[in-house]
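See below for the structure under consideration.
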Number of protein chains: 2
Amino acid sequence: MQRDPPTGKITIIDIARAAGVSIKTVSRVINQEEGVGDETRARVLEIVATMGYRPNVSARSLSSRRSYLIGVIFMRVGAYHYVGEVQVGAMRACRRAGYHLVVEQVLPPEAVGGVQGFAEGLRDARFDGVVLTPPTCDDPEVLAAVETAGLPYVRIAPHREFERSPYVFMDDRKAAREQTLRLWNMGHRRIAFIDGPADHGSAARRRQGYIEALRDRGVEPRPEWIAKGEFLSLSGFDATERLLALPERPTAIFAANDEMAVGALAAAAKHGLSVPRDLSVVGFDDTPTAEAAWPRLTTVHQPTAEMAEAAVEMLIDGFGDERFRARVAARQLDYSLVQRDSAAPPLA
Amino acid sequence: MQRDPPTGKITIIDIARAAGVSIKTVSRVINQEEGVGDETRARVLEIVATMGYRPNVSARSLSSRRSYLIGVIFMRVGAYHYVGEVQVGAMRACRRAGYHLVVEQVLPPEAVGGVQGFAEGLRDARFDGVVLTPPTCDDPEVLAAVETAGLPYVRIAPHREFERSPYVFMDDRKAAREQTLRLWNMGHRRIAFIDGPADHGSAARRRQGYIEALRDRGVEPRPEWIAKGEFLSLSGFDATERLLALPERPTAIFAANDEMAVGALAAAAKHGLSVPRDLSVVGFDDTPTAEAAWPRLTTVHQPTAEMAEAAVEMLIDGFGDERFRARVAARQLDYSLVQRDSAAPPLA
DNA sequence: CATGATTACGACAACGTTGTCTATGGGTGT
DNA sequence: ACACCCATAGACAACGTTGTCGTAATCATG
């Protein structure tokens, strides 16, 4: 077909001509395949650099069946700081390896066409692989859709079926344990915990860590010190009200996430308690809220971006591998305790 | 080349065979071109549906030079709620039109390879168009890179050069004016404003609206009632301390964004002032922080997702158009006032 | 020095669409 | 009955890469 006049775009053919080799040889150099002499390789590379050649992704993927696209799947994209963090990390890894990042959303169950529309999107986007974030990483329908599409995937912080695919995670339990001990070591003996939603795996693990820490110190945590919460600030507020109404009032409150910790701060203010003088409050996650709160929250930093980065790395590394899914690998990342202004030793 | 045994994937050829037409006709149906009889079209469509055929994006884009990818460009992806909101809206529009969304980041000036790496990414991602978010939408280097790449683009809330491209925006000035009047109508007469960074266009427009509102009511705003801020909660805290130290203490504080409003809440608490009884505080943006704060912030909802959605729509609609950039269109979206718990009439 | 193995490279088809051009058939006007 | 036109549809090349396979040149081996 006679198409446009020369577009000006340089193709592999131009490079081949300039280097005096065949296009296949250029292709080999570009793709770092072997079977090219050192001298030839150097010459081609130089010409590629000076002419500023960049391979055409579409042609490439049509021929090789690789799209150089990685999908990140979220359930709710809006309003969560988490989404941005994940993308930062994922993009870092993508850029390093010459991939691009496509954001895909599974509409939540209540929306029309939820997983259905998602599955279609999966099919025509032709990802080389996808990263599943919570809670999509534990959704049976989503997993089924991804597996049906035959896509390699890595999950971030899954709660179940750890044998099902590679994943990355951090040790919530251990972090919560340390967070609790930090309060203990400041001198707190009446430490309460604000729990997360029942079905939320990381909430359960954090509670577990809290309980373990107290038991480690020879204290059996009292049931009334564990207040039910929903990961929302209002629920943190309510839980704190209940805790402060106890006959033996806690001197420190450990909320399972930062948002509830902010609610706890508000409740403390309402009761005329100054934080951290009269009451210590600590959170978990290290979201921007923790930094914006007043006083700034002492919390646990969850390496969200790094987890996403690791996930994408695992994915890309796995591409060479046949039977990717079979090789169930897991990579653990380190949390860190963040010391700010909302926790201090109790008044003597 | 002899490649894999039949992959099972259905191609346009299968559809053509099943429908008893040529592949070109199927192509025409898929792309909604004319020149196909109603009956033929219906038959093809049905077969496409029953066989679940989806065109191969790579082949398509190789041949047609359209990638069906839209890029959203951010400067900082992490930590900002804004990013997620933009993506929600952009994704909605993309999905409707069969496009996918690729996230791209211009590394901030301090990072190595900032715009450089971005420009390269632009070139090989082959977007059909991009959406620029603030502050990238006013960065001369970014604009140059996009224009050099010959990409159509739409800007979200630009501050300058409105003639340079299509854009979407909301009327910050008017919204701030209404927000101020809301306080006025509650009975407040000493209304202070916490300003944003000097170079931030929307901050300037919001300040303008505040000033206008007061003048409308015959009050010349006093310079000491406009406190410098940096859009961060700490700066809101500091600004509020200065405002509360004034001989004639304001009864209401309007912060140019929610984060600073949260800082203001903290300062109020420190001074033993109960919000909204002793002091009203209102914000701007309606970020999740506003809902999480205590008391929940009365603020102005910025339709971030909708703006992004509109931007993508404009982009896609413009594709048919030659001379896209020449047709500088602008689309305005409506804000809305959000009534929560942080503002009330002043004590008599 | 003949033989087989290895290395470096090229020719050519294939990936699955869309663009251009051409062919066919039925209706219309005269 | 004739030319003409429009609506419909197909043939075929082209998009820019990579996969497969072949081949010439080089090397080690007995």
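By convention in this document, chain letters (A, B, ...) are assigned in the order of the sequence lines, proteins followed by strands, and residues within each chain are numbered from 1.
- The phosphate of C:dG16 has neither OP1 nor OP2 within less than 4.0 Å of any side-chain N or O from B:Y53.
- Rounded to whole Å, the distance from CD1 on A:I23 to C1' on C:dC15 is 14 Å.
- Taking A:F169 as the reference, A:Y167 meet the ring-ring contact (aromatic ring centres under 6.0 Å, His included) condition, with sequence neighbours excluded.
- Going from atom CG of B:N56 over to atom P of C:dC15 covers 11 Å, rounded to whole Å.
- For the side-chain hydrogen bond (donor to acceptor under 3.5 Å, both in side chains) condition, the pairs that include at least one residue of residues 16-26 of chain A, sequence neighbours left out, are A:S22-A:T25.
- Distance CZ (B:R17) to C1' (C:dG16): 13 Å, rounded to an integer number of Å.
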Below 3.5 Å, can you tabulate the donor-acceptor pairs from side chains in residues 37-49 of chain A to any protein atom, sequence neighbours excluded?
{"residue": "A:R41", "atom": "NH2", "partner": "A:E33", "partner atom": "O", "Å": "3.0"}
{"residue": "A:R43", "atom": "NH1", "partner": "A:A19", "partner atom": "O", "Å": "2.3"}

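- The A:S27 side chain lies nearest to D:dT18 when the options are C:dT20, D:dT18, D:dG16.
- Listed by chain and residue number, nothing satisfies the salt bridge (charged side-chain N to carboxylate O under 4.0 Å, His left out) test with A:E141 (two or more places apart in sequence, or in another chain).
- Among the nucleotides C:dG16, D:dG19, C:dC15, the one closest to any side-chain atom of A:E33 is D:dG19.
- In this structure, B:Y53 has no ring-ring contact (aromatic ring centres under 6.0 Å, His included) partners at least two apart in sequence or on a different chain.
- Atom-to-atom, CD1 of A:I30 to P of D:dG16 comes out at 15 Å; the value is rounded to the nearest Å.
- For B:R60 and D:dT17, the CZ to P distance is 21 Å, given to the nearest whole Å.
- Looking at the side chain of B:L62, the nearest of the listed nucleotides D:dC15, C:dA14, D:dA11 is D:dC15.
- Taking the C1' atoms of five terminal pairs at each end of the helix from C:dC1-D:dG30 to C:dT30-D:dA1, the two resulting helix axes are inclined by 30°, rounded to 10°.
- For B:R331 and B:E306, the salt-bridge test fails: no basic side-chain N is under 4.0 Å from an acidic carboxylate O.
- OP1 or OP2 of C:dG16 has at least one side-chain nitrogen or oxygen of A:R65 nearer than 4.0 Å.
- We find the CE-OG1 distance between A:M75 and A:T136 to be 6.5 Å, quoted to the nearest 0.5 Å.
- Between the side chain of A:S64 and the base of D:dT18, no donor-acceptor pair of N or O atoms lies under 3.5 Å.
- Rounded to whole Å, the distance from CZ on A:R126 to P on C:dC15 is 13 Å.
- Partners of B:F127 according to the ring-ring contact (aromatic ring centres under 6.0 Å, His included) rule, which considers only residues two or more places apart in sequence or in another chain, do not exist here.
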Under-3.5 Å N/O pairs linking protein and nucleotides 5-9 of chain D:
{"residue": "D:dA9", "atom": "OP1", "partner": "B:T40", "partner atom": "OG1", "Å": "2.4"}
{"residue": "D:dA9", "atom": "OP2", "partner": "B:G37", "partner atom": "N", "Å": "2.6"}

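- To the nearest angstrom, C1' of D:dT17 lies 13 Å from CD1 of A:I15.
- Applying the ring-ring contact (aromatic ring centres under 6.0 Å, His included) test to A:H159 and every residue at least two apart in sequence or in another chain returns A:H200.
- Atom-to-atom, CG of A:D14 to C1' of D:dG16 comes out at 11 Å; the value is rounded to the nearest Å.
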